Enquirer: 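Before I ask anything, here is the structure I am working with.
The structure presented is a predicted model; accordingly, all values stated were derived computationally and were not measured.
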Amino acid sequence: MFQYHFSANLIEQLLTYAEKEYLQEKGASLLHQDQPLTKLLLVRSGTVSFSYDVGNGRRLLLGQLDCNFTLIGEIEALNAKPCIYTVTCQTDVSYHLIDFKHWQSILLQQPELCLYTAQTVAAKFLENHQINLDKLLLPLSYNIAKDCLSRHQNTSPIVLRPYPTVSAEAERFATTERAYRRVVSELVEQGLIERTDKGLKPINEVKLDEFIEHFHQK
């Protein structure tokens, strides 16, 4: 599970070019899907959510990210494309705007930071690619079970977190609320997971892992 870590060295240098600190209230959007992006966002604090809307009333939620000087927009800055996702404030958020030219100048002058950026972008791409392939090719029960086990084993605060509501979690798995509830109930009945105030939790990690692995057997 990719961790949205950062290079302290890179962040410190970017802060020297940062414009004033901005504040955005909970519920507002920081970035809008398909709109041009001309500056990077350096989010000092707050929680944001990433979503993709296909325009027919359905959307995909990627998860929530607790930001701590988190850089957003590197992929768009590298390929000069519009925003891939809408980024929404789940809490009040404080952030800076950084001109692309300053970020690019730092990377060109310091190969180690350029390599670091390439590695983090590649890691994000590969993880998202694998998740999307699993959603396309494997059952909903597999994806929910795998997500539950992965999150239980990786408690780092800098990974995308699930949502507190069933409707949002259904959108995170690109399914309907009814289908999500049905599959979760089936996993609970099988004694693999349980519902808690903090979301789904494995009851027996070994059995849950065996359940996940059997989908890969021919």
Enquirer: Hey, does the side chain of Q24 reach the backbone of D92 with a donor-acceptor pair shorter than 3.5 angstrom?
Expert: no
Enquirer: For A179 and T175, work out which heavy atoms get closest and say how close.
Expert: CB-OG1, 3.3 Å
Enquirer: Can you pull out every salt bridge (Lys or Arg N to Asp or Glu O under 4.0 Å) where at least one residue sits in residues 195-215? Sequence neighbours excluded, please.
Expert: none
Enquirer: Which residue pairs pass the salt bridge (Lys or Arg N to Asp or Glu O under 4.0 Å) test when at least one of the two sits in residues 103-116, sequence neighbours left out?
Expert: none
Enquirer: Are the side chain of S45 and the backbone N or O of N68 linked by a donor-acceptor pair below 3.5 Å?
Expert: no
Enquirer: State which residues pass salt bridge (Lys or Arg N to Asp or Glu O under 4.0 Å) with D134; sequence neighbours excluded, sorted by chain then number.
Expert: K146
Enquirer: Which distance, rounded to the nearest 0.5 Å, do you find between the CD of Q104 and the CD1 of I98?
Expert: 13.0 Å
Enquirer: E76: which residues meet the side chain to side chain donor-acceptor pair (under 3.5 Å) condition with it, sequence neighbours left out?
Expert: none
Enquirer: Could you work out, with side chain to side chain donor-acceptor pair (under 3.5 Å) as the rule, every residue matching S105, not counting sequence neighbours?
Expert: Q109
Enquirer: Taking salt bridge (Lys or Arg N to Asp or Glu O under 4.0 Å) as the test, write out the residues that go with D99, two or more places apart.
Expert: K39
Enquirer: Quick one: list whatever passes salt bridge (Lys or Arg N to Asp or Glu O under 4.0 Å) with R59, sequence neighbours left out.
Expert: E171
Enquirer: Taking all heavy atoms of L62 and all of R172, pick out the closest pair and write down the distance.
Expert: O-CD, 3.9 Å
Enquirer: Sequence neighbours excluded, which residues qualify as side chain to side chain donor-acceptor pair (under 3.5 Å) partners of R44?
Expert: H96
Enquirer: Ring-plane angle category for H102 and Y17, please: parallel below 30°, perpendicular beyond 60°, tilted otherwise.
Expert: parallel
Enquirer: Which residues end up grouped with Y180 if you chain together Ile, Leu, Val, Met, Phe, Trp and Tyr wherever their side-chain heavy atoms are less than 4.5 Å apart?
Expert: L138, L140, Y142, I144, L149, V166, F173, V183, V184, L187, V188, L192, I193, L200, L208, F211, I212, F215
Enquirer: With sequence neighbours left out, which residue pairs that include part of residues 20-48 fulfil the ring pair (Phe, Tyr, Trp, His ring centres under 6.0 Å) condition?
Expert: Y22-Y95
Enquirer: Not counting sequence neighbours, which residues clear side chain to side chain donor-acceptor pair (under 3.5 Å) with S49? List them please.
Expert: Y163
Enquirer: Mind checking what makes salt bridge (Lys or Arg N to Asp or Glu O under 4.0 Å) contact with E186, not counting sequence neighbours?
Expert: R182
